[in-house]
Amino acid sequence: MTALKSKWQEYIYNAITAAATKAGVDAGIDSADKIMVGNPPKPEMGDFSFAMFPFAKAFKTAPTAIAAMVVSELESNTEVIAAGSLSTAGPYVNVKVDISDTASEVLDVVISQGEEYGKVETLAGKKIMVEFSCPNTNKPLHLGHLRNDSIGACISRILDAAGASVMKVNLINDRGIHICKSMLAYKKFGGDTRPESEGVKSDHFVGNYYVKFDQWSKEDEKAIEGAQKMLQDWEAGDAETTELWRQMNKWTIDGIEQTYKATGISFDKVYYESNTYASGKEEVIKGLEDDVFYKEDDNSIWIDLSDIKLDKKVLLRGDGTSLYMTQDLGTAIARHTDWPFDQLIYVVGSEQQYHFSVLFHILKKLGYKWADDLKHLSYGMVNLPDGKMKSREGTVVDADDLVKQLTGLAREEIVSKERGDEVDDLDTTAHSIALGALNYYLLQVTPSKDMIFNPAESLSFNGNTGPYLQYMGARISSMLRKFEEKKVDFTGIEADASLLTVEEEKEIIKMLISWPEKVEQAAAEYNPSCLTAFMYELAKTFSRFYHDNPVLKNENKQLAVTRLKLSSAVLQVLKNGFSLIGIPFLEKM
RNA sequence: GCGCCCGUAGCUCAGCUGGAUAGAGCGCCGGACUUCGAAUCCGUAGGUCGUAGGUUCGAAUCCUACCGGGCGUACCA
């Protein structure tokens with residue numbers, strides 16, 4: 001299709017320059033690829049459109065007249081006439097092309113390339129590290145983490161599809177004052193209890209003590225002091241503190257890993273802040289010696305950011321303990337040493353934009369040239385219909401609960417449709433539908449925007465949703481199964497793309513052709529939502545086509561075979577999209 | 001105060017490297033199951049694209065100001 005497109009750009013370009021020469025003017029355009037190609041508002045008007053407005057000035061003529069000139073110029077070329085039919089619509093030149101050759105080609109390409117179709121080379125040879133998730137070890141995952149995980153995992157797959165070599169990394173936030181808070185609360189109120197003894201999932205068990213600390217600290221100022229003291233003990237390597245820390249971290253991480261498993265999240269390498277903060281500290285001290293930083297009277301170490309019109313920022317506390325920035329410095333440096341990347345993408349919420357601009361700036365000041373290759377892929381907050389999630393008001397949507405709830409509803413849906421016996425495994429299928437719904441819901445919104453998570457809507461399986469796409473996949477699969485059963489009736493019959501004359505068929509062909517471009521765009525913009533939009537359009541167009549036009553049941557067997565080929569190409573592209581977005585493909589549902 | 005982001009249909013979102021009548025889902029109302037899976041399909045209604053200027057042949061899209069909302073501006077992460 002791109003070949004087709006550039007061919008027409010060439011035709012139009014030649015026609016315009018020829019017309020310009022005849023009119024004795026300079027068309028003001030020097031290459032065919034500068035010709036803008038558009039899509040007519042209605043498919044019956046044509047496949048490509050070319051607006052003549054830009055040439056009005058050079059020709060000193062109304063665009064409508066130029067369109068007429070261009071068309072008459074094109075009609076004198078027999079090659080052009082053979083390639084398509086022309087029409088003018090006011091200032092536009094519209095072209096309707098015969099796409100049967102292209103159709104035949106794209107169907108073959110999609111089917112022979114299979115899951116490779118849509119892989120592109122725009123990032124070939126690039127090493128890209130993607131950091132996402134980054135849980136704290138003091139509480140379980142919530143809805144915000146789910147958006148982070150969805151975006152991070154999806155972007156990783158998209159970059160991979162664009163040819164990059166991708167390393168997915170996690171950073172476990174396992175040290176710091178907030179970690180000490182849940183530890184201290186457990187020490188004070190926990191007694192001999194353990195997750196198993198209470199029958200609570202281990203990360204939730206720890207999270208409950210974090211909540212308890214919050215209540216306690218409101219009544220007793222000593223709570224905060226105690227946490228600070230504990231942090232000092234921890235950094236000093238106090239045995240008892242370290243032991244408690246180890247135990248509680250294990251509980252949280254075990255629990256979070258169960259959640260990752262349930263949501264299909266994985267990493268190539270996991271970093272722990274407890275391993276990198278020390279090198280961050282050294283880096284800060286080195287920077288102090290090199291006069292990049294300065295020391296306050298209380299021994300805290302700072303950077304002056306007035307050169308980039310920001311304030312100043314503390315990098316190390318007066319008591320010598322580390323901060324978020326300290327450890328992020330150490331982590332970044334460790335990563336570049338481990339795997340010298342061309343780009344490192346931090347998938348982190350937009351509330352940390354300031355943090356990252358400072359972090360990147362500091363690394364640059366410390367002399368790391370690769371600081372320019374760091375990118376903060378910032379995403380917006382997830383809010384609820386009645387406002388923000390607030391832990392104090394108990395409105396935080398817990399990740400495990402949400403997945404469980406979605407799975408339960410999907411299960412009910414299957415049962416109520418009496419498909420329980422049809423599907424391969426009820427629980428697995430229900431879970432797959434839940435994941436499809438969740439990932440699609442979270443990824444259809446442009447990452448940079450805040451979004452509202454409407455539980456009722458996200459739980460719906462109708463309309464523009466993941467399960468709708470899964471359903472179309474299952475429908476096509478079902479049809480292909482039926483074809484396999486009756487295959488003998490079709491032996492020796494070859495597909496013929498010139499039979500695809502219905503408007504929807506043409507639209508579908510054009511969409512199939514544009515799939516690789518969509519992947520390219522998604523990678524260039526770090527935006528999965530252009531893929532979700534495309535997939536929905538494709539599924540919907542196919543659905544409309546399928547509703548009105550018999551495929552397998554067509555009396556014309558050759559048309560049946562051709563449409564089957566078209567259907568399986570649609571299924572292939574949908575499946576390729578599914579794997580990028582994180583929608584499990586289901587043969588039956 | 002300063003910095004960044006966002007204002008598109010009742011609600012949730014697309015569209016934003018400027019181009020023909022601004023799209024979809026949900027919801028509302030109305031149709032289609034003896035037919036390849038109705039988790040489907042079709043149709044109706046619903047928008048001065050926050051406001052005002054500017055650039056342009058042409059602006060939801062680019063620029064400026066203002067209004068409204070969010071986030072940040074922590075020795076939290």
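Quick caveat: nothing in here was measured; it's all calculated off a predicted structure. Residue numbers start from 1 in every chain, and the chains themselves are labelled A, B, ... in the order their sequence lines are given, proteins ahead of strands.
Taking side-chain N and O atoms only, A:Lys553 has no distance below 4.0 Å to OP1 or OP2 of B:rU35. For A:Ser350 and B:rC71, the shortest distance from a side-chain N or O to OP1 or OP2 is not below 4.0 Å. Contact between the side-chain N/O atoms of A:Lys540 and the OP1/OP2 oxygens of B:rC41 is not found at any separation under 4.0 Å. Residue A:Asn462 has no polar side-chain atom (N or O) positioned under 4.0 Å from OP1 or OP2 of B:rC26. A close approach under 4.0 Å does occur between a side-chain nitrogen or oxygen of A:Tyr471 and OP1 or OP2 of B:rA39.
A stacked arrangement is not assigned to A:Tyr354 and the six-membered base ring of B:rU73, the conditions of a centre distance below 5.5 Å and an interplanar angle below 30° not being jointly met.
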Stepwise side-chain hydrogen bond (donor to acceptor under 3.5 Å, both in side chains) test for A:Gln352 and A:Tyr324: CA-CA 11 Å; A:Gln352 293 192 36; A:Tyr324 183 39; 2.3 Å; yes
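In this structure B:rU44 sits in no base pair that meets the Watson-Crick or G-U test at under 3.5 Å. Across all strands shown, B:rC71 is found opposite B:rG3 as a Watson-Crick or G-U wobble partner, with both distances under 3.5 Å. Nucleotide B:rC49: unpaired (no Watson-Crick or G-U wobble partner with both distances less than 3.5 Å).
The listed nucleotides are B:rA24, B:rC36, B:rA77; the one nearest the side chain of A:Tyr536 is B:rA24. Of the candidate nucleotides B:rC71, B:rG19, B:rA38, B:rG19 has the atom lying nearest to any side-chain atom of A:Pro54. For A:Tyr92, taking side-chain heavy atoms from C-beta onward, the closest of the listed nucleotides B:rG19, B:rC36, B:rA74 is B:rG19. Of all nucleotides listed (B:rA39, B:rA24, B:rA20), B:rA39 comes nearest to the side chain of A:Ile414.
Using a cutoff of 4.0 Å between basic side-chain nitrogens and carboxylate oxygens, A:Glu484 and A:Lys487 are scored as salt-bridged. In summary, A:Glu413 and A:Lys417 engage in a salt bridge, as defined by a charged side-chain N under 4.0 Å from a carboxylate O.
Between the side chain of A:Ser49 and the base of B:rA20, at least one donor-acceptor pair of N or O atoms lies under 3.5 Å. Taking only distance into account, the side chain of A:Asn138 never meets the base of B:rA77 through a donor-acceptor pair shorter than 3.5 Å.
Within 4.0 Å (heavy atoms only), A:Ser543 reaches sugar-phosphate atoms of the nucleic acid but no base atom. Among the heavy atoms of the strands, none lies under 4.0 Å from A:Pro385.
Checked by atom type and distance alone, the side chain of A:Asn170 never pairs as donor or acceptor with a backbone atom of A:Val270 at under 3.5 Å. Listed for the A:Ser460 side chain is a donor-acceptor partner under 3.5 Å among the backbone atoms of A:Asn462. A donor-acceptor pair is defined here as one N or O able to donate and one able to accept, closer than 3.5 Å; such a pair exists between the side chain of A:Tyr441 and the backbone of A:Asn454.
Annotation: A:Tyr272 is not in aromatic contact with A:Trp245 [ring centroid separation under 6.0 Å not met].
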Nucleotides 7-16 of chain B: protein proximity per nucleotide (B base, S sugar-phosphate only, - neither; heavy atom, under 4.0 Å): S----SSS-B
